[in-house]
Amino acid sequence: MTVSVIGLARDLRTNTPVIYAQMATADYLNIVGHDFENFSIQRRRETHKAYERLKVDIRSGALLPSITLAVKPEYVDHVLPLYQQAIGSNDVQSLSAALSEPSRVDILDGLQRTYILSDLRAEGHVFVDGQTILVEFWLEGDLQKLIYRIIVLNAGQKPMSIRHQIELLFMSLKTSIEARIDQLSIYTERENSRRRRPMKFPLAVVVSGYQAFITGSAELKKDNIIASQMLEANALDATEEEIGEQFNDFVKYLSIYTEMDREVFRVYSGGNSESDGPNLSEMTDATKVMVSSHWLAAENVFVAFFAAIVQYGNIPDKRHRIDEALNSLVASLRAAEFGADPLHLETFDKVRAGSNPRKVNVGIATRKLLTNGFKEFFRDAGETTLDRCWQLAAE
């Protein structure tokens, strides 16, 4: 048996089943699969000397600290009955077999160690007999509880930035989010994909949008460290229910944003595929705004849109005005013909060009213009045109 189950437990705060297991190093690498690094968006490989020493030690047979894995949400329902069966009968064979299936887990803690193990295997190293790894499997199919687990509980256990926590969250929920929004495609940096169609966004940009949504700020890399920490602290000072509701709201507005993107691509490009669509670095360049057909995929626009929703809709009674404004915008986009300019991007570009790059940071000025423009649009429930909103935002 690849996985040896050595204990069963339950997190009493979230009621999440937990399985403690032991396995050979080679078996662990088979379980995480060859594409485990696809879940490591913007989590670069570390090059500390300590990792070089660790690699030498592992080669000599050293044991590693335990690694934490999360069974992917789409597979949790398959494993849970086997967990219950194991509790009732002490028969863990079926559970062990299910956990041994490759590529059905995400790495929550232990990515750098996994890189080292994978490198050693690629170099032809044969791991020492008896060199096992302790693994903690989390079985959480409830997205609300998984969000709470990753964002809040991890924050109290290790010095992890809010950005890193959100990346962990979306690594686990990418497939679930795509399933909730028709035709949405979220792709990883490692796929090195160009955006040649609508409703396709880099995971790094979606993560930035969610970070802006929970902090209420379009400035994700604040130079003012104290202000940044206060924003992050406020984002984390929420109950499980509040975090779950907030995530569902984000998915709701992401669905609307995706529909807008479909229509923007049609109106501004004629719906034709573009072989030279922008890559990730172009979409995340703070000094740039994408060509019209890819305008909504630009990170600047993405974060400003979601920050504006929170900044204007900080009182629940205002959310209906945001919804009315977005319904109006989607309707106008659907009614627009190819070659029209329903977003009034010509006006936006003229207003944006008025910023003096010698006096202001272009990226910050662009995000401020976008955020204020969207807020103006929300304030009048979509009755004021974006043409006028861009102008008001600059005043």
Side-chain angles (χ1 to χ4, degrees), residues 181 183-187 193-209 212-213 218 253-309 325-326 328-355 362-378 382 385-391 393-394:
I181 302 177
Q183 297 187 44
L184 172 65
S185 174
I186 302 174
Y187 64 94
S193 178
R194 284 186 173 271
R195 183 182 138 98
R196 297 186 174 90
R197 69 169 182 84
M199 310 175 76
K200 178 179 179 181
F201 303 102
L203 182 54
V205 172
V206 178
V207 166
S208 293
F213 193 71
Y253 289 112
L254 178 60
S255 179
I256 296 172
Y257 195 88
T258 302
E259 176 61 25
M260 288 164 51
D261 184 59
R262 184 215 304 267
E263 298 303 326
V264 166
F265 190 88
R266 175 187 62 80
V267 172
Y268 286 92
S269 72
N272 295 321
S273 171
E274 297 183 26
S275 59
D276 58 346
N279 59 27
L280 177 63
S281 63
E282 292 170 318
M283 283 182 274
T284 56
D285 187 336
T287 65
K288 295 182 179 179
V289 173
M290 289 295 95
V291 295
S292 300
S293 58
H294 298 285
W295 193 73
L296 289 175
E299 186 173 41
N300 277 340
V301 181
F302 212 101
V303 299
F305 175 83
F306 285 100
I309 290 175
L326 292 177
S328 172
L329 181 56
V330 170
S332 66
L333 288 170
R334 287 174 176 167
E337 297 182 355
F338 169 60
D341 186 16
L343 295 178
H344 297 278
L345 297 186
E346 183 176 350
T347 299
F348 171 81
D349 288 338
K350 289 179 180 178
V351 173
R352 179 173 177 265
S355 298
V362 175
I364 292 176
T366 299
R367 289 187 292 276
K368 183 177 180 181
L369 172 63
L370 286 163
T371 304
N372 289 340
F374 284 129
K375 286 162 64 177
E376 290 291 342
F377 187 67
F378 298 153
T385 66
L386 280 172
D387 177 70
R388 180 59 181 156
C389 289
W390 300 135
Q391 296 176 53

For this session: Would you check if the side chain of Arg352 reaches a backbone N or O of Leu370 as a donor-acceptor pair within less than 3.5 Å?
Result: no
For this session: Could you pull out the closest heavy-atom pair between Phe201 and Arg195, with the gap in Å?
Result: CE2-NH1, 3.8 Å
Exercise. Between Thr371 and Ala308, which heavy-atom pair has the shortest distance, and what is it?
Worked result: O-CB, 3.7 Å
Problem set entry | Asp341 CG to Asp349 CG distance, which is reported to the nearest 0.5 Å | 8.5 Å
Exercise. Is Arg334 salt-bridged to Glu259, cutoff N-O under 4.0 Å?
Worked result: yes
Seminar exercise, completed: Taking every heavy atom of Val267 against every heavy atom of Ala340, the minimum-distance pair comes out as CG1-O, 3.6 Å
Exercise. Measuring from Phe374:CZ to Leu326:CG, what's the distance to the nearest 0.5 Å?
Worked result: 9.0 Å
Exercise. When rounded to the nearest 0.5 angstrom, what distance separates CZ in Arg262 from NZ in Lys200?
Worked result: 16.0 Å
Problem set entry | Partners meeting ring pair (Phe, Tyr, Trp, His ring centres under 6.0 Å) with Phe213 (sequence neighbours left out) | Phe250
Exercise. Can any side-chain N or O of Asn300 pair as donor or acceptor with the backbone N or O of Thr366 at less than 3.5 Å?
Worked result: no
Exercise. Does the side chain of Phe378 reach to within under 4.5 Å of the side chain of Cys389, using non-hydrogen atoms?
Worked result: no
For this session: Could you tell me whether Phe305 and Tyr253 have their ring centroids closer than 6.0 angstrom?
Result: no
Problem set entry | Student check: side-chain heavy atoms of Pro342 and Glu263 closer than 4.5 Å | no
For this session: Would you indicate whether the side-chain heavy atoms of Met260 and Leu329 approach each other to under 4.5 Å?
Result: yes
Problem set entry | Tyr268 side chain reached by Leu296 side chain, heavy atoms, under 4.5 Å | no
Exercise. Which atoms form the tightest heavy-atom contact between Ala304 and Ala218, and what is the distance?
Worked result: CA-CB, 4.2 Å
Exercise. What's the shortest heavy-atom distance between Ala325 and Phe377, and which atoms?
Worked result: O-CE2, 3.3 Å
Exercise. Going from CD1 on Ile181 to CD1 on Ile186, what distance comes out if it is rounded to the nearest 0.5 angstrom?
Worked result: 7.0 Å
For this session: With side-chain hydrogen bond (donor to acceptor under 3.5 Å, both in side chains) as the test, would you mind laying out the steps for Asp387 and Gln391 before giving the verdict?
Result: CA-CA 7 Å; Asp387 177 70; Gln391 296 176 53; 3.1 Å; yes
For this session: Could you check if a side-chain atom of Leu386 sits within less than 4.5 angstrom of a side-chain atom of Phe348, using non-hydrogen atoms only?
Result: no
Exercise. Would you say the side chain of Ile364 lies within less than 4.5 Å of the side chain of Arg367, judging by non-hydrogen atoms?
Worked result: yes
Exercise. Got a donor-acceptor contact below 3.5 angstrom from the Trp390 side chain to the Leu343 backbone?
Worked result: yes
Exercise. How far apart are the closest heavy atoms of Ala394 and Val351, and which atoms are they?
Worked result: CB-CG1, 3.2 Å
